[in-house]
Amino acid sequence: MLQVPFIRENKDLVISRMEKRNIDATSMINDVIALDEDRKRIQTELDNTLAESNAISKEIGNLYKTGQAQKANVLKEKTSQLKETSKELNDTLNSTVESLTQLLYKIPNVPNETVPKGSTEDDNEEIFKEGDIPVLHDGALPHWELAKKYDIIDFELGNKITGAGFPVYKGKGARLQRALIAYFLDKNTAAGYTEYQLPLLVNEASGFGTGQLPDKEGQMYHVGEDNLYLIPTAEVPGTNIFRDTIVDESELPIGITGYTPCFRREAGSYGAHVRGLNRLHQFDKVEILRVEHPSQSYKALDGMVEHVKGILQELKLPYRILRLCGGDLGFTSALTFDFELFSTAQDRWLEISSVSNFETFQANRLKLRFKNAEGKNELAHTLNGSSLALPRVLAGILENYQTEDGIVIPEVLQPYTGFKIID
RNA sequence: GGAGAAAUGGCAGAGUGGUCGAAUGCGGCAGUCUUGAAAACUGUUGAGGGUCACACCUCCGGGGGUUCGAAUCCCUCUUUCUCCGCCA
């Protein structure tokens with residue numbers, strides 16, 4: 001959620017940057033400013049009424065103490081009018097604040113100046129590409145065929161137990177998945193991130209804090225009985241660690257990492273592109289999150305990109321990095337880099353990581369602040385990224401590392417799997 | 001799930017109708033002293049709105065009510081603790 005003072009002081013900038021998202025924000029921004037002025041005006045009026053009424057109450061107290069009950073009773077009559085006025089003003093204030101808040105919920109984050117204007121993923125800007133695309137032997141298979149051939153992932157079994165999008169990993173498939181999780185966590189902790197194990201169900205306030213609620217609740221599975229949501233990403237419980245907190249400037253930067261399953265309803269996405277591991281309702285992911293001083297957050301974002309690059313280099317997988325265009329940029333993000341892995345057997349790029357700087361957009365909802373050098377409380381910046389999302393990395397390994405003798409395990413993973421080939 | 005108790009500032013903990021945004025202790029910060037540190041002493045130390053700055057307003061788990069006036073009384077929700085039940 002954007003800060004009203006920021007909107008007020010940077011009106012033209014906000015409107016022009018929103019054009020990158022193909023949004024004409026003019027009327028929304030004007031409404032925000034107008035509503036905020038209303039709010040201030042009503043608030044002041046209410047404050048004055050309350051001040052008067054407080055003063056009278058104090059006087060009544062004194063009169064009673066000095067035995068002047070008659071005079072006190074006269075004053076009491078006066079307050080009933082004030083009470084009525086303040087009640088009305090309070091109602092007006094509440095509805096104004098509510099309108100303002102509802103409007104602010106609808107306004108996405110201001111894109112960074114480097115975000116290209118664009119409407120679809122075709123307008124994303126490729127900024128880096130690395131890794132050799134392997135030449136596969138004749139009869140190379142897509143990962144869902146490989147999964148069946150080597151009996152390491154059973155999609156039909158998942159259908160039976162739960163439904164589509166809940167695969168069952170078996171034997172070396174399960175072990176490879178566990179190896180990847182351990183490997184990612186080790187890489188992240190070696191880079192200074194503190195490992196966390198987080199709740200997989202979150203309450204409304206948490207969903208609100210990171211921006212999933214109120215508008216995107218259809219993406220999450222909801223447990224109605226207890227009004228809890230299954231997490232779509234570790235970003236939600238991980239970032240909400242810091243909800244309603246004021247950290248000391250010396251504690252920054254904060255880096256945490258965590259492995260969690262992720263649950264996404266993915267309503268409405270069906271078709272050829274969701275075959276196999278490409279799009280699931282339940283998948284595993286290792287996430288990295290940072291809380292940064294505003295002056296350091298873009299440097300930190302670059303650092304996260306470099307970190308993820310390092311992992312993909314070690315895995316020797318072909319990948320590219322995209323700078324997302326305004327149209328593809330998430331609601332809460334100011335700048336996002338997507339990592340895509342080339343799936344050789346499918347001949348297409350698969351998104352495996354998304355690294356974003358949210359600036360103060362989440363912090364404002366979370367009330368995540370730090371005490372700055374002047375002793376003032378200031379909103380911190382939050383960032384996060386996948387490091388990495390499991391299924392598509394697994395798909396990429398299966399497809400890119402397949403040989404006629406079986407699937408070779410990348411060298412860095414062998415200490416984790418305990419085997420060198422799936423055959 | 002049943003019965004009871006509780007929720008106050010970073011922490012501990014007073015406060016049961018008016019001058020309480022809140023005693024006191026610890027912690028934090030600044031200063032005095034010291035070569036430096038510790039100790040001791042002195043001062044300072046919640047958040048938000050509002051203002052050029054003051055004033056002023058709101059907040060004692062959340063919401064509602066009683067009252068001229070609520071941290072304090074009533075209702076309700078949530079959470080925590082204790083006992084019982086169940087249980088990985």
Side-chain angles (χ1 to χ4, degrees), chain A residues 1-9 32-101 103-104 197 199-209 213-214 222-229 237 240-252 254 261 291 360 362-380:
Chain A
M1 176 159 76
L2 296 177
Q3 298 165 85
V4 177
F6 176 83
I7 292 177
R8 204 190 309 124
E9 285 155 32
V32 166
I33 293 169
L35 278 168
D36 189 51
E37 275 164 11
D38 285 351
R39 196 212 93 229
K40 271 196 211 175
R41 202 195 65 240
I42 299 161
Q43 176 80 251
T44 305
E45 220 175 312
L46 174 62
D47 285 356
N48 291 339
T49 312
L50 289 173
E52 198 179 334
S53 143
N54 285 345
I56 293 176
S57 290
K58 220 171 251 184
E59 210 178 328
I60 291 174
N62 287 330
L63 288 173
Y64 273 124
K65 232 171 258 174
T66 53
Q68 305 180 69
Q70 290 289 333
K71 281 187 180 175
N73 287 331
V74 174
L75 283 179
K76 273 193 197 179
E77 310 232 332
K78 241 175 115 180
T79 56
S80 69
Q81 178 62 43
L82 287 171
K83 225 175 153 182
E84 219 168 282
T85 312
S86 65
K87 185 157 176 59
E88 278 168 27
L89 285 169
N90 197 38
D91 290 348
T92 318
L93 180 67
N94 285 341
S95 71
T96 306
V97 168
E98 179 62 16
S99 308
L100 179 58
T101 310
L103 184 55
L104 286 169
Q197 282 198 13
L200 307 181
L201 287 157
V202 294
N203 58 28
E204 266 186 320
S206 291
F208 170 81
L213 297 176
H222 182 223
V223 183
E225 186 82 10
D226 298 292
N227 197 25
L228 296 172
Y229 295 86
N240 274 282
I241 292 171
F242 303 102
R243 175 152 46 86
D244 292 319
T245 57
I246 301 174
V247 299
D248 198 84
E249 189 168 355
S250 64
E251 293 171 56
L252 300 177
I254 296 167
V291 179
T360 59
Q362 289 182 329
N364 191 29
R365 291 176 161 230
L366 294 161
K367 301 278 170 283
L368 161 54
R369 292 157 293 174
F370 69 96
K371 208 169 268 300
N372 67 21
E374 292 86 55
K376 296 237 174 174
N377 294 327
E378 187 179 337
L379 293 175

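Keep in mind that the numbers below use all heavy atoms, side chains included, and drop hydrogens, waters and symmetry copies. In what follows, chains carry the letters A, B, and so on, assigned in the order in which the sequence lines appear, proteins first and then strands, with residues in each chain numbered from 1.
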For this session: For A:K40 and for A:L50, find the nucleotide of RNA chain B with the closest heavy atom, then tell me which residue's nucleotide is more 5'.
Result: A:K40

Exercise. Are OP1 or OP2 of B:G50 and a side-chain N or O of A:R39 less than 4.0 angstrom apart?
Worked result: yes

Exercise. For A:R41, which contact category applies under a 4.0 Å heavy-atom criterion: base, sugar-phosphate, or nothing?
Worked result: nothing

Exercise. Taking NZ from A:K76 and P from B:U67, how many angstroms apart are they, rounded to a whole number?
Worked result: 10 Å

For this session: Could you tell me the separation between the CG atom of A:L46 and the P atom of B:C57, rounded to a whole number of Å?
Result: 11 Å

Exercise. If we call it a pair only when both distances are under 3.5 Å in a Watson-Crick or G-U wobble match, what pairs with B:G27?
Worked result: B:U45

Exercise. Given atom CZ of A:F370 and atom C1' of B:G10, what is their separation to the nearest angstrom?
Worked result: 19 Å

For this session: Tell me the partner of B:A53, counting only Watson-Crick (N1-N3 plus N6-O4 or O6-N4) or G-U wobble (N1-O2 and O6-N3) with both under 3.5 Å; none if nothing fits.
Result: none

Exercise. Would a 4.5 Å heavy-atom cut-off, applied to side chains only, mark A:L213 and A:Y229 as touching?
Worked result: yes

Seminar exercise, completed: In whole angstroms, the gap separating P of B:G46 from NZ of A:K376 amounts to 14 Å

Exercise. Can you check the A:L93 CG to B:G48 C1' distance for me, whole Å?
Worked result: 13 Å

Exercise. Any side-chain N or O of A:K371 under 4.0 Å from OP1/OP2 of B:A47?
Worked result: yes

Exercise. If you pin A:Q43 and A:I60 to their nearest nucleotides in RNA chain B, which one's is more 5'?
Worked result: A:Q43

For this session: Provide the distance between the two C1' atoms, one in B:G36 and one in B:U58, to the nearest whole Å.
Result: 47 Å

Exercise. Using purine N1 to pyrimidine N3 plus N6-O4 or O6-N4 for Watson-Crick, or N1-O2 and O6-N3 for G-U wobble, both under 3.5 Å, which nucleotide pairs with B:U32?
Worked result: B:A40

For this session: Could you check whether A:T79 gets within reach of a base, just the sugar-phosphate, or nothing at all, counting any heavy atom under 4.0 Å?
Result: sugar-phosphate

Problem set entry | B:U16 - base-pair partner by Watson-Crick or wobble geometry, distances under 3.5 Å | none

Exercise. Going by modelled atom types, is there a donor-acceptor pair between the base of B:G18 and the side chain of A:N62 at under 3.5 Å?
Worked result: no

For this session: Starting at atom CG of A:D226, determine the distance to atom P of B:C77, rounded to an integer number of angstrom.
Result: 16 Å

Problem set entry | Which atom of A:I42 lies closest to which atom of A:L89, heavy atoms considered | CG2-O, 3.7 Å

Exercise. If you take all heavy atoms of A:S86 and A:L50, which pair is closest and at what distance?
Worked result: CB-CD2, 4.2 Å

For this session: Please determine, for the side chain of A:D47, which listed nucleotide (B:A47, B:C68, B:C57) has the closest atom?
Result: B:C57

Exercise. Whom does B:U78 pair with, Watson-Crick or G-U wobble, provided both distances fall under 3.5 Å?
Worked result: B:A7

For this session: Give none if B:A71 has no partner; otherwise give the nucleotide forming a Watson-Crick or G-U wobble pair with it, both distances under 3.5 Å.
Result: none

For this session: Check whether any side-chain nitrogen or oxygen of A:K83 sits under 4.0 Å from OP1 or OP2 of B:G69, and answer yes or no.
Result: yes

For this session: Return the nearest nucleotide to the side chain of A:N54; candidates are B:C57, B:G49, B:A47.
Result: B:C57

For this session: Give none if B:C60 has no partner; otherwise give the nucleotide forming a Watson-Crick or G-U wobble pair with it, both distances under 3.5 Å.
Result: none

Problem set entry | Separation of the C1' atoms in B:C87 and B:G1, to the nearest angstrom | 13 Å

For this session: Kindly give the heavy-atom pair with the smallest separation between A:R365 and A:F208, and that separation in Å.
Result: NH1-O, 2.7 Å

For this session: May I have the distance from A:E52 (atom CD) to B:C57 (atom C1'), rounded to whole angstrom?
Result: 14 Å

For this session: Using a heavy-atom cut-off of under 4.0 Å over every strand shown, decide if A:I56 touches base, sugar-phosphate, or nothing.
Result: nothing

Exercise. In Watson-Crick or G-U wobble terms, both distances under 3.5 Å, what is the partner of B:A22?
Worked result: none

Exercise. What are the two closest non-hydrogen atoms of A:V223 and A:L201, and how far apart are they?
Worked result: CG2-CD2, 3.9 Å

Problem set entry | Touch class at under 4.0 angstrom, heavy-atom based, for A:K71 against every strand present | nothing

For this session: Considering only atom P, compute the distance from B:A70 to B:C59 and round it to an integer number of Å.
Result: 9 Å

Exercise. Which heavy atom in A:P199 sits nearest to a heavy atom in A:P237, and how many Å separate them?
Worked result: O-CG, 3.5 Å

Exercise. What are the two closest non-hydrogen atoms of A:D36 and A:R8, and how far apart are they?
Worked result: OD2-NH2, 3.0 Å

For this session: State, yes or no, whether a side-chain contact exists between A:E45 and A:N48 at a heavy-atom distance under 4.5 Å.
Result: no

Exercise. Rounded to whole angstrom units, what separation is found between the CD atom of A:E84 and the P atom of B:C68?
Worked result: 14 Å

Exercise. In terms of side-chain heavy atoms of A:Y64, which of B:C68, B:G50, B:A47 is nearest?
Worked result: B:C68

Exercise. What does A:N48 touch in the nucleic acid at a heavy-atom separation under 4.0 angstrom: a base, only the sugar-phosphate, or nothing?
Worked result: nothing

For this session: Quick one: label A:N377 by what it contacts on the DNA or RNA (base, sugar-phosphate, nothing), any heavy atom closer than 4.0 Å.
Result: sugar-phosphate

